[in-house]
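Let me begin by presenting the structure, written as structure tokens, before commenting on it.
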Amino acid sequence: MNSEFLASCAQIIGQDHVLTSEPDQQAYLTDWRQRYTGKAMAVLLPTSTEEVAALLTLCARYHIPCVPQGGNTGLVLGSVPDQTGKAVILSLKRMNRVLAVDVSNNTMTVQAGCLLENVQTAAETHQRLFPLSLASEGSCTIGGNLATNAGGTAVLRYGNARELCLGLEVVTATGEIWNGLRGLRKDNTGYDLRDLYIGAEGTLGIITTAVLKLFPQPRASLTALAAVPSAEAALQLLNLARSDLGPTLTGFELISDFSLQLVLKHFPLLKKPLDSNCPYYTLLEISDHESEEHANGLMESMLAKALEHGHATDAVCATSISQSKTLWQLREHISAAQAMEGKNIKHDISLPISDIPAFIKMTDAALHAAFPGCQVVCFGHLGDGNLHYNVSAPVTMRDTDFIQQQQAVNRIVHDRVHGLNGSISAEHGLGMLKREEITLYKSALELSLMRSIKGALDPDNLMNPGKLL
Ligand SMILES: Cc1cc2nc3c(=O)[nH]c(=O)nc-3n(C[C@H](O)[C@H](O)[C@H](O)COP(=O)(O)OP(=O)(O)OC[C@H]3O[C@@H](n4cnc5c(N)ncnc54)[C@H](O)[C@@H]3O)c2cc1C
């Protein structure tokens, strides 16, 4: 039966685009962090919506599970198949065309397999900005960004991927094509199907095309790094920046001193731009629609006020694009530096911004009490209430032994997140990694409503089974 299925797939997309040998499949089977390798019957590489629809019709007929895959940069094991070898991976990477740009409507229509970086560049060639920005932008796809409702570094000003999408085309689990490619800012005509598919991690259908929102390009961008004496002071600085910089404030990142030290240790070419040592640093980005001079003036006067009030103890403004990139590199190298230090237990958590200092204090204390000497690498998008709060082994313990404590560490961190009405997944999704964990924190009713939606849109449970729910 499988050979009949595969032969039919080959008739639709050509034999060369049905990968069945292990070496051909290798790049699609293992997750980005190389923690998990699944098995697949085949990797399918269609080039059009019609081909995706024909393939999903076949999957429904032969009862073959389907794992949608974009750039395979997801961090929660959502884009890789399980170990059974029964599923196919449907990779969107050959569906990578920008279909239209409507400058007056400030929209762009793109196929789901377009790399995020290429979407940004295409917007730029029309003097527009597509503001979604992630460190994985050279590898991740817009379909994956929407399926995970990706966040990134400019959420504070422009919102998550959900806010940046006006319309979708989706192939349903039964192989029908829903054309919702509307470039409308207002459309109150019933349940919002677009919002159902966004963030569904490929469990309801396959996003094949999207209408994205574009914005005017700012005339100037400016980055600054400020040393702050505490997480409370970082919050005060954020409040000051919001009121003094207004909508120009685009990003506000928190970096703990320990995180920065790891970057400096493992990437010696990156230098710390401030002499002083502080428990935390904040990286601020503004985008200005007047001029560079105006941006400089705004940032400098805000930082002067922050220094005067003690919200910051030292600060530096980038004076060139390359300096600005260097400041961002300090932030973007934290995950890699921590990985070079050893395995660690990661958390991508969301909290009311006002509760973040209290959360850090109580959770640090609880972790140190339970695992004396453990090391917390705390950084993230403070302006969005999103922390990456990763815990490494005490120096006296092997990282592989510490990883065995994942459940206990998760309880300490996630119970406190839940206690503050936060979320255990801010921007990465649930995938396979947090599928069980979420059942501890969502109400029975919420989970049951989610299962009803899944059952209605994918009655045979063929779309990315075992993920999210
Ligand atoms: C270095 C690095 C930095 C990162 N930084 C961030 C960050 O700042 N913010 C953030 O949010 N994430 C971040 N990520 C995570 C990741 O890049 C995002 O989740 C991204 O949106 C995934 O896109 P992708 O194309 O790689 O999707 P994949 O990893 O291929 O898939 C992710 C999920 O989406 C589903 N999917 C993929 N394409 C489709 C489709 N067309 N239709 C339906 N379902 C689909 C998959 O089945 C899977 O469940 C980072 C990852 C790395 C490696």
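In listed order, ligands and their atoms are each counted from 1.
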If you measure from the Lys or Arg side-chain nitrogens to the Asp or Glu carboxylate oxygens, is any gap between Lys213 and Glu163 under 4.0 Å?
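No, no charged N to carboxylate O under 4.0 Å.
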
[X] contact mode with ligand 1 (heavy-atom cut-off under 4.0 Å):
| X | result |
| --- | --- |
| Ala112 | side chain |
| Asn145 | both |
| His428 | side chain |

Once you measure the plane-to-plane angle for His418 and Tyr441, does it fall in the parallel (<30°), tilted (30-60°) or perpendicular (>60°) bin?
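It falls in the tilted class, 30° to 60°.
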
Parallel, tilted or perpendicular: which one describes the rings of Tyr389 and His347, with boundaries at 30° and 60°?
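Tilted: the ring planes of Tyr389 and His347 meet at 30° to 60°.
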
Contact check, [X] vs ligand 1, heavy-atom distance below 4.0 Å:
| X | answer |
| --- | --- |
| Gln69 | yes |
| Gly431 | no |
| Gly113 | no |

Counting heavy atoms only, which of [options] comes nearest to [atom]?
| atom | options | result |
| --- | --- | --- |
| atom 33 (C) of ligand 1 | Ile142, Thr148, Val76 | Thr148 |
| atom 5 (N) of ligand 1 | Ile206, Leu90, Leu134, Asn464 | Leu134 |
| atom 52 (C) of ligand 1 | Ser79, Ser136, Gly205, Gly199 | Ser136 |

Identify, for atom 7 (C) of ligand 1, the protein heavy atom at the shortest distance, and state residue, atom and that distance.
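Answer, as residue, atom name and distance: Glu427 OE2, 3.5 Å.
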
Kindly compute the distance separating CG (Leu327) from OH (Tyr281), expressed to the nearest 0.5 Å.
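That separation rounds to 13.0 Å.
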
Is a donor on one side and an acceptor on the other found under 3.5 Å between the side chain of Ser256 and the backbone of Cys378?
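Confirmed, Ser256 side chain pairs with Cys378 backbone.
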
